[in-house]
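Structure, as structure tokens:
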Amino acid sequence: MHSDELFERARHRIPGGVNSPVRAFRGVGGTPRFIARASGCRMWDVDGNELIDYIGSWGPMIVGHTHPEVVEALTEALARGTSYGAPTGLEVELAETIAGAVPSMEMLRLTSSGTEATMSAIRVARGFTERSKLIKFEGCYHGHADSLLVKAGSGVATLGLPDSPGVTPGAVADTLVARFNDLGSVSALFEAADGDVACVIVEPVAGNMGTVPPAPGFLEGLRELCTRHGAVLVFDEVMTGFRVARGGAQARYGVTPDVTCLGKIIGGGLPVGAYGGRRDIMERVAPAGPIYQAGTLSGNPLAVTAGLVTLRLLESDSVYAQLDATVAAIADGITALAGEAGVPTVTNRVGSMWTTFFHDGPAVTDWNTASASDTRRYGRFFHAMLDRGIYLAPSQYEAAFVGLAHTGDAVEFTLDAAREAFRAVGPA
Ligand code: HOZ
């Protein structure tokens, strides 16, 4: 069966034909490719096309698809059972490995998704501070929990949805929205909330409005404001954890949050999430404390096995140097090729994440600037790249992810494709 036939069938039984909105290609038009298999930095669709994959399952596949060590460990684990609903030694090992790499996570709890991690972190922050309000940032996305679906990035931004029906006014009454990279907007919300802010939640490097780095001093300023106002600083490092550095954005920028959310890489491509932080906060989580949170598949042995092997493969500093160098080559190449073709772009990159915004510049620093991108031109570029075997995110408002399997050949092939794709898109 081909992608168009499968999509037709899927739309009868699955809303929009997909199990997560962005992958339906609404942001770029056309029919999503249905994937048959993957290996290293490549995927093959059911139509027989080979694609260099810069989505990497939206971040987890940093060591490449079907890495032999991950596959071997999973095969062995599979024979021992897929889920027990009881604790295992592997979970302890993963918690210790994470805490070793991210020292601010003195204690942590595993979940089955990033959404569960962020919604639980918010609950814990509220329970711990006995306050109600949270501050989030326009264009940041923290999963689909009701209280966080306000001015959100990712699929919400891609589909141009202002809010989601089904989220009641009551559910978002305590959600305050600030501008990313604008400490003044955060300060004003703290003042107006009159001591009722439980937490500030932020993607320390935004990835869900496209890649947007924190301005110098922004994360430090959030730390200072949260400390001054007695609020919990939550870093959503679902995307950046073990990606922009082994210790995540907090290690890269040297700013310590109170609570961190993880997902993606720590499950090595299987469903997982984690939240954790200061011991005095996490000791309030049930059954140690009264704040309730649970999950049947939390700490699933297969997910934990894949995560442990993946984190072991990322142990050396040299892997992060390699990832940075790969993205630098791609981002610099793309910038030069866009310039040659007269196509206005702004390319942001941090570690192994990058986004090329089809934007007049001079910079993309927040949702206001990101949303001024020419999404139609992005769509044309996306398809020109896809036709040439390069699989980018089907939305201007997502990051591209590079992994250890993206070697020089793949980069060269990508830049050759980009040269032709920019020509196909044409000057502004
Ligand atoms: N919203 C996620 C990316 N930021 C996942 C998208 C998907 O899996 O379709």
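Just so you know, ligand 1 is whichever comes first in the structure, and atom 1 is the first atom listed for that ligand. Since the model is a prediction, treat every value here as computed from it, not as a measurement. What's counted below: heavy atoms across the whole structure, side chains too, no hydrogens, waters or symmetry copies.
- Checked for salt-bridge contact, K136 and D236 miss the test: no charged N lies under 4.0 Å from a carboxylate O.
- Here E69 pairs with R312 under the side chain to side chain donor-acceptor pair (under 3.5 Å) rule; sequence neighbours left out.
- Every atom of ligand 1 with a heavy atom of E398 under 4.0 Å away is listed here by number and element: 3 (C), 4 (N).
- Figure legend: cation-pi geometry between R11 and F7, with NZ or CZ positioned under 6.0 Å from the six-membered ring centre and within 45° of its axis.
- The nearest heavy-atom contact from the protein to atom 8 (O) of ligand 1 is R23 NH2, 2.7 Å.
- In terms of protein heavy-atom proximity, atom 1 (N) of ligand 1 is nearest to S154 OG, 2.8 Å.
- Only side-chain heavy atoms of N208 come within less than 4.0 Å of ligand 1; its backbone N, CA, C and O stay farther off.
- When each atom of ligand 1 is checked for a heavy atom of S20 under 4.0 Å away, the hits are 6 (C), 7 (C), 8 (O), 9 (O).
- Within the structure, ring pair (Phe, Tyr, Trp, His ring centres under 6.0 Å) contacts touching residues 13-62 (residues at least two apart or in different chains) are F25-F382, Y54-W354, Y54-H406.
- Looking only at atom types and distance, the side chain of R123 has no donor-acceptor partner in the side chain of Q293 under 3.5 Å away.
- Close N/O approach between Y141 and ligand 1 is not found [any backbone or side-chain N/O within under 3.5 Å].
- For the pair K264 and ligand 1, the shortest N or O to N or O distance does not fall below 3.5 Å.
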